[in-house]
J.: 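Got a structure here, written out as structure tokens. Questions coming.
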Protein chains: 4
Amino acid sequence: MAGNTFGQLFTITTFGESHGPAIGGVIDGCPPGVIINPEYIRHELARRRPGQSEFTTQRNEPDKVEFLSGIFENKSTGTSIGFIIRNNDTRSTDYIHLKNTFRPSHADFTYEKNNGFRDARGGGRSSARETAARVVAGAIAKAFLQQYLQIDIKAWVDSIGPVSLNKNLSEIEPDEAEFNPVRCPDEETAQQMMELIKKTAREGDTLGGTIRCLMKNIPAGLGEPVFDKFHAQLGKAMLSINAVKGFEYGEGFDAATMKGSEHNDLFTSENGQIKTQTNHSGGIQGGITNGADINFRLAFKPIATIMQLQPSVDRTGKKTIIEPKGRHDVTVLPRAVPIVEAMAALVTADFVLRQLPNHLLRNEIKA
Amino acid sequence: MAGNTFGQLFTITTFGESHGPAIGGVIDGCPPGVIINPEYIRHELARRRPGQSEFTTQRNEPDKVEFLSGIFENKSTGTSIGFIIRNNDTRSTDYIHLKNTFRPSHADFTYEKNNGFRDARGGGRSSARETAARVVAGAIAKAFLQQYLQIDIKAWVDSIGPVSLNKNLSEIEPDEAEFNPVRCPDEETAQQMMELIKKTAREGDTLGGTIRCLMKNIPAGLGEPVFDKFHAQLGKAMLSINAVKGFEYGEGFDAATMKGSEHNDLFTSENGQIKTQTNHSGGIQGGITNGADINFRLAFKPIATIMQLQPSVDRTGKKTIIEPKGRHDVTVLPRAVPIVEAMAALVTADFVLRQLPNHLLRNEIKA
Amino acid sequence: MAGNTFGQLFTITTFGESHGPAIGGVIDGCPPGVIINPEYIRHELARRRPGQSEFTTQRNEPDKVEFLSGIFENKSTGTSIGFIIRNNDTRSTDYIHLKNTFRPSHADFTYEKNNGFRDARGGGRSSARETAARVVAGAIAKAFLQQYLQIDIKAWVDSIGPVSLNKNLSEIEPDEAEFNPVRCPDEETAQQMMELIKKTAREGDTLGGTIRCLMKNIPAGLGEPVFDKFHAQLGKAMLSINAVKGFEYGEGFDAATMKGSEHNDLFTSENGQIKTQTNHSGGIQGGITNGADINFRLAFKPIATIMQLQPSVDRTGKKTIIEPKGRHDVTVLPRAVPIVEAMAALVTADFVLRQLPNHLLRNEIKA
Amino acid sequence: MAGNTFGQLFTITTFGESHGPAIGGVIDGCPPGVIINPEYIRHELARRRPGQSEFTTQRNEPDKVEFLSGIFENKSTGTSIGFIIRNNDTRSTDYIHLKNTFRPSHADFTYEKNNGFRDARGGGRSSARETAARVVAGAIAKAFLQQYLQIDIKAWVDSIGPVSLNKNLSEIEPDEAEFNPVRCPDEETAQQMMELIKKTAREGDTLGGTIRCLMKNIPAGLGEPVFDKFHAQLGKAMLSINAVKGFEYGEGFDAATMKGSEHNDLFTSENGQIKTQTNHSGGIQGGITNGADINFRLAFKPIATIMQLQPSVDRTGKKTIIEPKGRHDVTVLPRAVPIVEAMAALVTADFVLRQLPNHLLRNEIKA
């Protein structure tokens, strides 16, 4: 059960179960000199935190991160950054009745098949709690990208169940997503989403949805032409987020029904700068960024834990009934927004470091 | 410009440009004893080959693979397998007029931004020719999976432009895809696709589409719960194929509008075997395979090279017109089918090798 | 400043500076079910700890490890193991006078050249304190190897300065190294070493030396024939320990003056088991273990911090004098013994996991 | 049987057995614009080639490299460089009598233990023929380092058996090593070595020896402070060369008997440049290069194939006698010199690429 590291040059390695003493991670490869404001990290974690509003789960985790290395006087020192977040509220009794049962569409069954062993106290590494470590690492990656290259990464909730934000990218102001608890940058749609969530909660059911993300000021030239295409690594990062079932960028699945003459982005020159007139490609051509905005979209399945009786089987194959207990989210979408941004930032930071040697060798040493 | 290796334990490293002497690769980590029949490899390459029918490009490349190591008397020896495919038909003059121009929605511009240098003779590493090496490696991975674990991987064309195969997975017989040149396992839909391709060819335009893939007999337990989820690595593999704009598995984007009570796959026990009654999850839960069939779908954009005049700019930003030359495919879809299978096999072979130590330590040494 | 991860399948990633809040690490890939006794870990850390005796430094660090994940009821769960060790005694004032100065044969100058930034409070990642995290990870790897394969790894001090243990391997009982503070498994030689250390301390000088290590019950077949030879990875692991200047295995440098007819290990068969009559090869042939004991030897340079005035320069190149402060070890040798064992165990555990798929595919699936 | 790739950013992946159609490799990560002269590559290969003189083996392999990609008009294009070298002289009949026998101190036994299968036609991947691919890749790495950073890497034979070059580093002119067939940069010692080789050949025996290597103009700052120390990676590279039994750098094993006050390299400032007065450290401090020359030394065991009858056992454990056949080298030392340089260049090129992002982020973007 390995695979707890992501990235090649700017890497994050995570550890921790929801019912152990702490979760945390090690960020390796972050350049020195990045300003890391504790208040900023707290804010990013708060965006992921359960219990932010009545629309997210009530489990009250403080998510206080403690940095143990690699940061001195609020600046990265260039060394590996170790951090932990204590688990204060580990009500493992909530799970004891599930010890020998496989919950439908959870990782219980597959985790046991993979590992030969399941931690009876909770979801183990499959718990969404693990994503808090990604948010910390991603916040640092975002800070690096913002401070060194003015890169801006913003995600928002595009749909919850059937309620969808029907606006073009150019009409959306991503920052407005933070104005409401469902993180949809349109007040009216947000209201409809919240009503749907309340109604679905009463039914004891759950909802999926989609998240979009916009990345601005990405320099041209990031990505590799064969296996490590920018969007391939981005797609892997997104698909590694719990509950994600699909990824598309640019026109995505719609591109399948367009003709070449419609989809092609014609080049033009503006003030000596070569750019495309349209952006059907979503900022990436041949796996390499072209300097235009990158946009992508993710599908999340509905949460598997529902407040209804569900038939299942136990470890021996005997029929049993799963009874709902505790308080649970109706949808993960609003809380997933900072995780999407975090993973997008980690992918980009890694490619920035990978591309720099080429850049330097071209511009400097040879000269 | 690195990133020419894919995989961790069962790996492929590729090289070669469409206009150099040869392309090829090195397969590392293939276990000894896999039967590798030359006729089988030839057949797989022929499926990808241009010029198979009037519905694919006419460039006549023989694609004869020469194995240089790692295979003895048609069996893998356990050592790294080197292979090359000579480029016989490298009409680089077709490209000379494009030397200083950026073709719309090709990798010309981004490649140059990444590498600081573009091979005037063709697409360099962005050329689709590179995928022939993937097909060779994937064929060996498929043979390994088939011979050791009876795993079966089949892909087919699900739609071309607006013409779509409207059948449930259970009604589709994937093998029938090979009965027609567009690789759609439904004769009637295939006819419509071929007519659409002919019509679009007359218009000098191109088409996108979607491919589906079904993976059978995948053992439960493959994948890791955090970053290296099975579908995350699968998604990366698919998104690394030229022209792919989206990836989804199981219910995919449709899952976003389903409720938890609809999407959950309830467990049942059949002859002592625990399985799910439905397969909305697409064979993967929490990033780990559950033993059910894996199914996924890919969106391809239309080919960027169209037989129409297109305005563009040259390297200095000066306006220019791209004139079409040569003969080109209207759609990549039929030829992409074996590439999809190849990448799916490489991902699976890698996870099989990663999972085996856990399996062995559980079942054998401890006992 | 990356490179904080070691291993491919059984990995350790470390973090922490001697003058920050804590050091620690993440162990990934440890199989489930390994018994990890807290008392055993404490004991291994105590062997590395400063202040064990008058022959090691007096800095009093308790080195209390806290495991945060991956262990439940004293057994590994198969998930990544996060751990931290708090730094209680971080007298950074000891270092302030060195802030702008480069100490001779320390990493001050090179660290700054690499990172562009030096943590004025201490040695940063170059501090030997980092090795405590290796000892924790290595102790877990040793437990895995011992419990699953009865592998036994023991190191000892073979020489300090000119005082050397002149015994054949077969005459040495490695366990006896723990009977005296210098960890030399010969009482008389140990006495001479202790006297030399006391004398050298009075002179304000320091000593180097050599460590030997013996690995028993290593299964045949570990290692890869080309770049990842068993002894190549072992050598890298050893050379990554602070102050190590040389590595040899088997006959080592002595092999250079032997003839083939002297050095060759002739095969014989004993009770149906093929083995070699001699072990000049040191248990490794062609980079792969042959089942015989592995033995290797390391050279450590003398500690750079001496209790004498030393001329140096500051950051601007101006001449300055380094005045000794604080209390320091005369030699690292006794404390390095558990670090050598730890790294040897990490290398071996990694190769065991790498070799298992081959083993399983041969013995089980094919059958 | 994996591990056929070396390096992280500047990588080489090799394939090929001595008795298959060809050997070769893929070099990934080489920056564009490096001048790669075919005559230069031929020359480097000729240095490794058997049959150079009466002092090396007579097997007449032409070793003609064919580059298949990544080089255009004698310059690297930035893409992966594929190359092959045909095996023309594969007298596998020489080996057939050894099919069921284990030759003493060869990899026959361990290779079979690792892989479960041994290629009866020769040494498989353990054959020294594999190192020809290293020489090609290393020649390109040397060209990159020389052209971009004026780095100069030279190795020579320091001893063969008991005949040793007793000169200080400062008295040696490495280029003179190429003036005689044993590659010892001292005419008188070279004569003695040649006489010893002739005498040992008559006895049917073989010789080991040592090689030294000097690396000039290495920029300060290469290497990482923890696991990826410059000399740790260098040591791994050297220990991966066939027959190497020991590695030391700087004072090496001699450092173990020096005192701190003797071994420390005091800093001084010369024309505004900070440097050390002595170079006991061998150009590396704390795992990071300090700008001084790097020097290291390797021990090679005597060749295992001797022209004498040797008792052994076959696969079933039955006693047998190995009879010498064919023509074989008495010592590998002269031919190993270019391999040592090649591996040293590959390590350095990798660290140069790893260090450049730090360099750039410090000097350019922040400004």
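Keep in mind that the numbers below use all heavy atoms, side chains included, and drop hydrogens, waters and symmetry copies. The sequence lines fix the lettering, A, B, ..., with proteins before strands; numbering per chain opens at 1. Source: prediction; values computed, not measured.
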J.: Between the main-chain N or O of C/Leu222 and the side-chain N or O of D/Asn114, is there a donor-acceptor pair closer than 3.5 Å?
T.: no

J.: Can you tell which part of C/Ser261 gets under 4.5 Å to a heavy atom of chain D, answering side chain, backbone, both or neither?
T.: both

J.: Are the side chain of C/Glu224 and the backbone N or O of D/Gly3 linked by a donor-acceptor pair below 3.5 Å?
T.: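 No, because the side chain of C/Glu224 does not come within donor-acceptor range (under 3.5 Å) of the backbone of D/Gly3.
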
J.: Are C/Asp254 and D/Lys245 ion-paired here, with the side-chain N under 4.0 Å from a carboxylate O?
T.: no

J.: Is a side-chain N or O of D/Thr257 found less than 3.5 angstrom from the main chain of C/Pro162, in a donor-acceptor match?
T.: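 Not confirmed, D/Thr257 side chain does not pair with C/Pro162 backbone.
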
J.: Between C/Pro219, C/Ala237, C/Gly223, C/Gly204, which shows the greatest number of heavy-atom pairs under 4.5 Å with chain D?
T.: C/Gly223

J.: Can a donor-acceptor pair be found, under 3.5 Å and without considering hydrogens, that links the side chain of D/Thr206 to the backbone of C/Gly260?
T.: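 The answer is yes, because a donor-acceptor pair under 3.5 Å joins these two groups.
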
J.: Considering only heavy atoms and a distance below 4.5 Å, find which of D/Ser126, D/Ala243, D/Ser281 pairs most often with chain C.
T.: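 Among D/Ser126, D/Ala243, D/Ser281, the one with the most close pairs to chain C is D/Ser281.
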
J.: Relative to chain D, which segment of C/Ile12 carries a heavy atom at a distance below 4.5 Å: side chain, backbone, both, or neither?
T.: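 Both the backbone and the side chain of C/Ile12 come within 4.5 Å of chain D.
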
J.: Enter the distance from D/Met238:CE to C/Phe247:CZ here, rounded to the nearest 0.5 Å.
T.: 14.5 Å

J.: I'd like to verify something: which residue of D/Gly252, D/Gly287, D/Gly235, D/Gly291 has the highest number of heavy-atom pairs under 4.5 Å with chain C?
T.: D/Gly252

J.: Please walk me through it: do C/Phe253 and D/Arg297 pass side chain to side chain contact (heavy atoms under 4.5 Å, CB included)?
T.: CA-CA 10 Å; C/Phe253 277 87; D/Arg297 205 166 74 102; 3.5 Å; yes

J.: When only pairs under 4.5 Å are counted, which of C/Asn4, C/Thr210, C/Leu207 shares the most heavy-atom pairs with chain D?
T.: C/Asn4

J.: Side chain, backbone, both or neither: which part of C/Asp314 has a non-hydrogen atom closer than 4.5 Å to chain D?
T.: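 Contact with chain D involves the backbone of C/Asp314 alone.
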
J.: So, taking the atom named OG1 in D/Thr276 and the one named CZ in C/Phe102, what distance separates them when rounded to the nearest 0.5 Å?
T.: 13.0 Å

J.: Apply side chain to side chain contact (heavy atoms under 4.5 Å, CB included) to D/Phe227 and C/Arg134, showing your working.
T.: CA-CA 10 Å; D/Phe227 297 113; C/Arg134 303 187 186 205; 3.5 Å; yes

J.: Measuring heavy-atom distances to chain D, does C/Met343 have an atom under 4.5 Å in its side chain, in its backbone, in both, or in neither?
T.: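 Interface part for C/Met343: side chain.
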
J.: Against chain C, work out which of D/Leu333, D/Ile241, D/Ile288, D/Asn290 has the most heavy-atom pairs shorter than 4.5 Å and name it.
T.: D/Ile288

J.: If I measure from the heavy atoms of chain D, does C/Ile306 come under 4.5 Å with its side chain, its backbone, both, or neither?
T.: side chain

J.: Is C/Ser164 close to chain D through its backbone or its side chain, or both, or neither, when contacts mean heavy atoms under 4.5 Å?
T.: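 For C/Ser164, no heavy atom lies under 4.5 Å from chain D.
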
J.: Could you tell me the separation between the CG atom of D/Asn264 and the CD atom of C/Gln310, rounded to the nearest 0.5 Å?
T.: 4.5 Å

J.: Using 0.5 Å steps for rounding, measure from the CG atom of D/Leu239 to the OH atom of C/Tyr249.
T.: 7.5 Å

J.: Would you find a donor on one side and an acceptor on the other, under 3.5 Å apart, between the side chain of C/Lys229 and the backbone of D/Ser240?
T.: yes

J.: Just give me the residue among D/Gly250, D/Pro225, D/Gly286 that pairs up with chain C most often, heavy atom to heavy atom, under 4.5 Å.
T.: D/Pro225

J.: Counting distance only, does the side-chain N/O of C/His263 pair as donor-acceptor with the main-chain N or O of D/Ala304 below 3.5 Å?
T.: no

J.: Counting only non-hydrogen atoms closer than 4.5 Å, does C/Leu234 touch chain D with its backbone (N, CA, C, O), its side chain (CB onward), both, or neither?
T.: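 Answer is neither: C/Leu234 stays 4.5 Å or more from chain D.
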
J.: Quick check against the 3.5 Å criterion: does D/Ser105 have a side-chain atom that pairs as donor or acceptor with the backbone of C/Asp265?
T.: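 Side chain of D/Ser105 to backbone of C/Asp265, a donor-acceptor pair under 3.5 Å: yes, one is there.
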
J.: Return the option, out of D/Ser159, D/Gly208, D/Ala256, D/Ala299, with the maximum number of heavy-atom pairs under 4.5 Å with chain C.
T.: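 The candidate making the most pairs under 4.5 Å is D/Ala256.
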
J.: Is it the backbone or the side chain of C/Val244 that comes under 4.5 Å from a heavy atom of chain D, or both, or neither?
T.: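 Looking at C/Val244, just its backbone touches chain D.
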
J.: Testing the basics here: between C/Pro302 and D/Met258, what is the closest heavy-atom pair and its distance to 0.1 Å?
T.: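 In this case the closest contact between C/Pro302 and D/Met258 is CG-O, 3.3 Å.
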
J.: Just give me the residue among D/Ser269, D/Ala107, D/Ala232 that pairs up with chain C most often, heavy atom to heavy atom, under 4.5 Å.
T.: D/Ala232

J.: Counting distance only, does the side-chain N/O of D/Thr110 pair as donor-acceptor with the main-chain N or O of C/Gln285 below 3.5 Å?
T.: yes

J.: Can you find a pair of side-chain heavy atoms, one from D/Lys301 and one from C/Glu251, that are under 4.5 Å apart?
T.: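 Sidechains of C/Glu251 and D/Lys301: no contact.
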
J.: Chain D heavy atoms under 4.5 Å from C/Thr289: which part of the residue, side chain, backbone, both or neither?
T.: backbone

J.: Between C/Val313, C/Asp205, C/Asp228, which has the largest tally of heavy atom pairs under 4.5 Å with chain D?
T.: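 Highest number of pairs under 4.5 Å: C/Asp205.
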
J.: Before accepting this row, confirm whether a basic side-chain N of the pair C/Glu203/D/Lys259 lies closer than 4.0 Å to the acidic partner's carboxylate O.
T.: yes

